[in-house]
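One is the number of the first residue; the rest follow in order along the sequence. What you see below is based on every heavy atom in this structure, not just the backbone, and it leaves out hydrogens, waters and symmetry mates.
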Amino acid sequence: MTTSLLQRPTSQLELLLWSRQLQKARFDEVAALRFVSNALVALRDAKTPELSPIGRYLIAHEGIYAQCLGTIYLHGLLPREQEGSRAMAIQLAFELLELTIADLQQMLLANRLLEDIAGRANAPMAERTVKDLVALGDRAVDQAKLIYPDCFF
């Protein structure tokens with residue numbers, strides 16, 4: 001492992017910092033690795049067949065979001081808590097991870113669905129939708145392993 005996982009912010013991230021959509025975060029390697037660990041554990045748990053489809057969907061979504069936050073955090077930044085910050089973090093991370101536009105669109109649709117079903121414990125959820133989201137999370141983690149190999153041992 002390198003002495004520091006911290007990456008230089010891209011020009012896009014610097015612009016979002018300047019526009020106050022992102023904020024500087026005190027970087028700590030342990031915290032960076034915690035984001036990765038949270039993503040891995042959530043995606044593993046989302047594959048647990050004993051849980052309901054809606055529960056597995058929520059867990060998978062949170063795992064992917066943890067990966068997104070971790071990706072941005074590796075540049076010493078985090079989104080400000082404001083309207084649309086979750087979708088912005090997803091979009092930024094998917095770009096940083098060099099995922100496809102189709103993957104980004106799938107995740108943004110998943111984020112909208114999450115907003116629609118929030119607070120509804122009995123919301124209907126198709127098994128195929130859950131499996132597709134878990135597969136997307138696995139692709140995001142695999143891509144993060146390629147781009148940020150020092151975060152995975």
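The two residues Met107 and Ile64 have their closest heavy-atom pair at CE-CG2, 3.5 Å. Residue Gly76 comes nearest to Leu6 through the heavy atom pair N-CD1, 3.4 Å, listed as atom of the first residue, atom of the second, then distance. For Val130 against Pro53, the heavy-atom pair with the smallest separation is CG2-O, 3.2 Å. Between Cys151 and Leu33, the shortest heavy-atom distance links the atoms O-CD2, 3.5 Å. Nearest approach of Phe27 to Leu74, heavy atoms of both residues: CE1-CA, 3.9 Å. Of all heavy-atom pairs between Gln91 and Leu104, the closest is CA-CD1, 3.7 Å.
The structure places CD of Glu127 at 10.0 Å from OG of Ser52, a figure rounded to the nearest 0.5 Å. Rounding to the nearest 0.5 Å places CG of Leu136 at 11.0 Å from CG of Leu109. Rounding to the nearest 0.5 Å gives a distance of 9.5 Å between SG of Cys68 and CG of Leu96. Interatomic distance, Thr10 OG1 to Arg8 CZ, rounded to the nearest 0.5 Å: 10.0 Å. Residue Gln7 holds its CD atom at 10.0 Å from OG1 of Thr71, rounded to the nearest 0.5 Å. Here the straight-line distance linking atom CG of Asp132 with atom CD of Gln106 works out to 6.0 Å at 0.5 Å rounding.
Within the 4.5 Å cutoff, the side chain of Arg80 has heavy atoms near those of the Arg20 side chain. Annotation: side chain of Arg56 is not in contact with side chain of Met125 (no heavy-atom distance under 4.5 Å). No side-chain heavy atom of Trp18 sits under 4.5 Å from any side-chain heavy atom of Leu13. By the 4.5 Å heavy-atom criterion applied to side chains, Asp103 and Gln143 are not counted as neighbours. Within the 4.5 Å cutoff, the side chain of Leu51 has heavy atoms near those of the Thr48 side chain. Inter-residue side-chain proximity for Leu113 and Tyr57 is flagged as met; some heavy-atom pair is nearer than 4.5 Å. The shortest distance between side-chain heavy atoms of Glu62 and Asn38 does not fall below 4.5 Å. In this structure, the side chains of Asn111 and Ile90 come closer than 4.5 Å at one or more pairs of heavy atoms.
Other residues, nucleotides and ligands contribute only 12 or fewer heavy atoms inside 6.0 Å of the CD atom of Glu83. Residue-environment remark: CD1 (Ile101) stays at or below the threshold of 12 foreign heavy atoms within 6.0 Å.
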Worksheet item: Lys24 and Leu17: side chain to side chain contact (heavy atoms under 4.5 Å, CB included), yes or no, with the steps?
Response: CA-CA 7 Å; Lys24 287 190 179 202; Leu17 177 63; 3.7 Å; yes
Item to complete: Apply the test side chain to side chain contact (heavy atoms under 4.5 Å, CB included) to residues Leu22 and Leu78: give CA-CA distance (whole Å), side-chain angles for both, the deciding distance (0.1 Å), then the verdict.
Response: CA-CA 6 Å; Leu22 294 177; Leu78 284 172; over 6 Å; no
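A salt bridge does not link Asp116 with Arg112: none of the charged nitrogens is closer than 4.0 Å to a carboxylate oxygen. A salt bridge links Lys47 with Asp138; the closest basic N to acidic carboxylate O contact falls under 4.0 Å.
Residues forming a ring pair (Phe, Tyr, Trp, His ring centres under 6.0 Å) with Tyr65 (at least two apart in sequence, or on another chain): none.
Put simply, Val141 and Ile147 are part of the same group of oily side chains (I, L, V, M, F, W, Y) that touch within less than 4.5 Å, one to the next. Leu69 and Ile59 are not part of a single hydrophobic cluster, where members link through side-chain heavy atoms under 4.5 Å apart.
Of the N and O atoms on the side chains of Gln21 and Ser19, at least one donor lies less than 3.5 Å from an acceptor on the other residue. A donor and an acceptor atom, one from each side chain of His61 and Arg86, are located under 3.5 Å apart.
Tyr73 and Phe35 have tilted rings, their planes meeting at an angle from 30° to 60° on a 0 to 90° scale.
Between the Glu81 side chain and the Pro79 main chain, no donor and acceptor come within less than 3.5 Å of each other.
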